[in-house]
Amino acid sequence: MTKHFLSLEEHSVEGLTAILDRAAELKAIRGDESFQPLKGQTWGLIFSKSSTRTRVSFEVGIRELGGRAMFLSSREMQLGRGEPIKDTARVLGRMIHGAVIRTFSHQEIVDFAEYSDIPTINALTDHAHPCQIMADLLTMREKLGSIEDRVVTFIGDGACNVATSWVYAAIKFGFQLRIASPEGFQPKPSLIDQAGDNVSVTTDVAAAATGADVLYTDVWVSMGMEEEAEERLRQFQGFQINSEIVSKAKESVLVLHCLPAYRGKEITEDVLEAHQQTIFDQAENRLHAQKGVICCLLGV
Ligand code: CP
Ligand code: NVA
C-alpha cells in the first residue's frame, strides 16, 4: 500500500478491501484504549473549505488511535497569503507525522504528499472525496452484505468529487454504477471510457433508479461552485431522490447521502427522514472508515 490516500484510483481492490476489513475491526473494538498506534504522533488537519463530518471524524479518530490532532485553517496559515504548498509541505513534514487536507485543487494534495514525505490523506478536493466513498462502501457491506454484485444509482451532479470517486469505486469493485445527471454535469468522457461496462450515464432518473440496490445523492452546488448556484438549481430540477424515484428501486433499497443535505433540492424531506437511520449510520462510518485508512497506511 502506498503511504498516501489521495484517490481510490491509486489503490488496488485488495488494498481497499483491507481498509474496509480494518474499519470493521476497529468499529467492533471502539472504546478499547489499549490500541494506540498513533501514540506520540501529531497529525495536522489543513482545511480550506467548511466541514462538519470530515473534521470531527478525523479529529476523534486520530485521538482514539492515541495521537493528537491539530486543526489548521488555511486562511490563518501563510498558505492563505500565498506561501507555496511545497514550502508549507517541507516545513510541516519536519514537524507533524501525517496530514489530512481539504482543499480546492487536487494537485495541491499531490504536491503536499510529494514535498512533505509524510502520510497524506485527501479529505476532499474538487476532484475526489475518497474517504466519503470508503464510509459508503462500509455501509453497503454492513447493510447489504456485498458490494460487487450491486447496482448503485447516483442522482445529481455526476461531475462532482463524490460522483468521480464513485466511478473509481465501480472500476475497482466491479459493481454497476448508473449516473443520472443533466447534460453538462456528467463525468468526463475519458473517465467513462476508462470505466467501460461498469458505469452508465443517462438523463433519465426513473430508468436509472429502476431495480437499484442503492440510491445516492449529493448537493447540487458543491463548495466552490456558489457562483453557479442559480443556474445549477435550474438545471438540476428533477434530478432528485423523492418517493416516486424510491418506488422504482428495489424494495430493500438503501438511500444514502454524503451530507450535508438540502431538503427539497437533491432529496425530499420525507425520503430523508424515512431513511435517516441508514444515512446517519453512513455518516458515523466516516469515523470507522478513516481509522481503517490511517491504520492501513501505517501498516498497523
Ligand atoms: N460529507 C462530508 O464530507 O461532510 P463535511 O463537509 O461536513 O465534512
Ligand atoms: N460535492 C460536495 C460534497 C460535500 C461533502 C462538495 O464538494 O461540496
Keeping the roles fixed (side chain from His97, backbone from Thr42), state whether a donor-acceptor pair exists under 3.5 Å. yes
Strictly distance-based, threshold 3.5 Å: is any side-chain N or O of Ser181 a donor or acceptor partner for the main-chain N or O of Gly156? yes
Quick test of your reading of the model: are Asp21 and Arg141 salt-bridged, counting only N-O distances below 4.0 Å? yes
Using a strict cut-off of less than 4.0 Å between a Lys/Arg side-chain nitrogen and an Asp/Glu carboxylate oxygen, indicate whether Lys250 and Asp213 qualify as a salt bridge. yes
Listing, residues 289-300 side-chain donor-acceptor contacts under 3.5 Å, not counting sequence neighbours, or none:
from, atom 1, to, atom 2, distance (Å)
Gln290, OE1, Arg286, NE, 2.9
Gln290, OE1, Arg286, NH2, 2.9
Gln290, NE2, Ser57, OG, 2.9
Gln290, NE2, Arg286, O, 3.4
Lys291, NZ, Glu64, OE1, 2.6

Show your reasoning for whether side-chain hydrogen bond (donor to acceptor under 3.5 Å, both in side chains) applies to Arg232 and Gln235. CA-CA 5 Å; Arg232 282 173 171 260; Gln235 297 264 4; over 6 Å; no
Work out which heavy atom in Leu177 is nearest to a heavy atom in Ala170; give both atom names and the distance. CB-CB, 3.8 Å
Any side-chain heavy-atom pair from Phe112 and Ile118 closer than 4.5 angstrom? yes
Between Glu9 and Ser7: side-chain donor-acceptor atoms closer than 3.5 Å: yes
Note: with side-chain heavy atoms under 4.5 Å as the link, the other cluster members for Leu272 come out as Ile155, Phe185, Val205, Leu215, Trp220, Val221, Met225, Leu233, Phe236, Phe239, Ile241, Ile245, Val246, Val253, Val255, Leu259, Ile267, Val271, Ile279, Phe280
With a cut-off of 6.0 Å (strictly less than), are more than 12 heavy atoms of other residues, nucleotides or ligands near CD of Glu148? yes
Measure the OH-CG distance between Tyr216 and Asp136 for me, rounded to the nearest 0.5 Å. 3.5 Å
Which atom pair, heavy atoms only, marks the closest approach of Arg102 to Ser51? NH1-CB, 3.4 Å
pair Asp270-Ser243: side-chain heavy atoms closer than 4.5 Å: yes
Residue Lys248 excluded, over 12 heavy atoms near NZ under 6.0 Å: no
Quick check on side-chain contact (heavy atoms from CB on, under 4.5 Å): which of Thr139, Thr153, Leu144 does Val214 satisfy it with? Leu144
Counting distance only, does the side-chain N/O of Thr268 pair as donor-acceptor with the main-chain N or O of Gly264 below 3.5 Å? no
Euclidean distance, Cys160 SG relative to Met223 CE, rounded to 0.5 Å: 10.5 Å
Quick check: do Lys86 and Asp111 have side-chain heavy atoms less than 4.5 Å from each other? no
Using a 6.0 Å distance limit plus a 45 degree cone around the ring axis, check whether Arg55 lies over the aromatic ring of Phe71. yes
Please work out whether the ring planes of His11 and Phe5 are parallel, tilted or perpendicular, with thresholds of 30° and 60°. tilted
Which heavy atom in Ala212 sits nearest to a heavy atom in Arg178, and how many Å separate them? N-NH1, 4.5 Å
More than 12 foreign heavy atoms under 6.0 Å from CD of Glu244: is that the case here? no
Do the charged groups of Arg234 and Glu230 touch, with an N to O distance under 4.0 Å? no
Working to the nearest 0.5 angstrom, can you tell me the gap between Ile179 CD1 and Leu191 CG? 7.5 Å
Measuring only between side-chain heavy atoms, which start at C-beta, is Phe173 closer than 4.5 Å to Thr17? yes
Check whether any side-chain heavy atom of Asp157 sits under 4.5 Å from a side-chain heavy atom of Asp218, and report yes or no. no
Pairs meeting criterion side chain to side chain donor-acceptor pair (under 3.5 Å) with involvement of residues 253-265, two or more places apart: His257-Glu266, Arg263-Glu269, Arg263-Glu273
Heavy-atom pair of closest approach, residues Ile109 and Thr120: O-CG2, 4.2 Å
Which heavy atom of Pro130 sits nearest a heavy atom of Asn122, and at what distance? CD-ND2, 3.4 Å
CG on Leu79 to CG on Leu72, rounded to 0.5 Å: 10.0 Å
For Gly158 and Pro187, work out which heavy atoms get closest and say how close. O-CG, 3.3 Å
Does Asp197 CG have over 12 foreign heavy atoms under 6.0 Å away? no
Just so I know, are the side chains of Met140 and Val152 near enough to count as touching, which here means a heavy-atom distance under 4.5 Å? yes
Looking at CG of Asp126 and OG1 of Thr103, how far apart are the two atoms once the value is rounded to the nearest 0.5 Å? 8.0 Å
Quick one: pull up CD in Gln176 and OG in Ser200 and give me the separation to the nearest 0.5 Å. 7.0 Å
State, yes or no, whether a side-chain contact exists between Ile133 and Tyr168 at a heavy-atom distance under 4.5 Å. no
Indicate yes or no: at least one non-hydrogen side-chain atom of Met134 is less than 4.5 angstrom from one of Leu8. yes
Between Glu142 and Asn285, does any side-chain donor sit less than 3.5 Å from a side-chain acceptor? yes
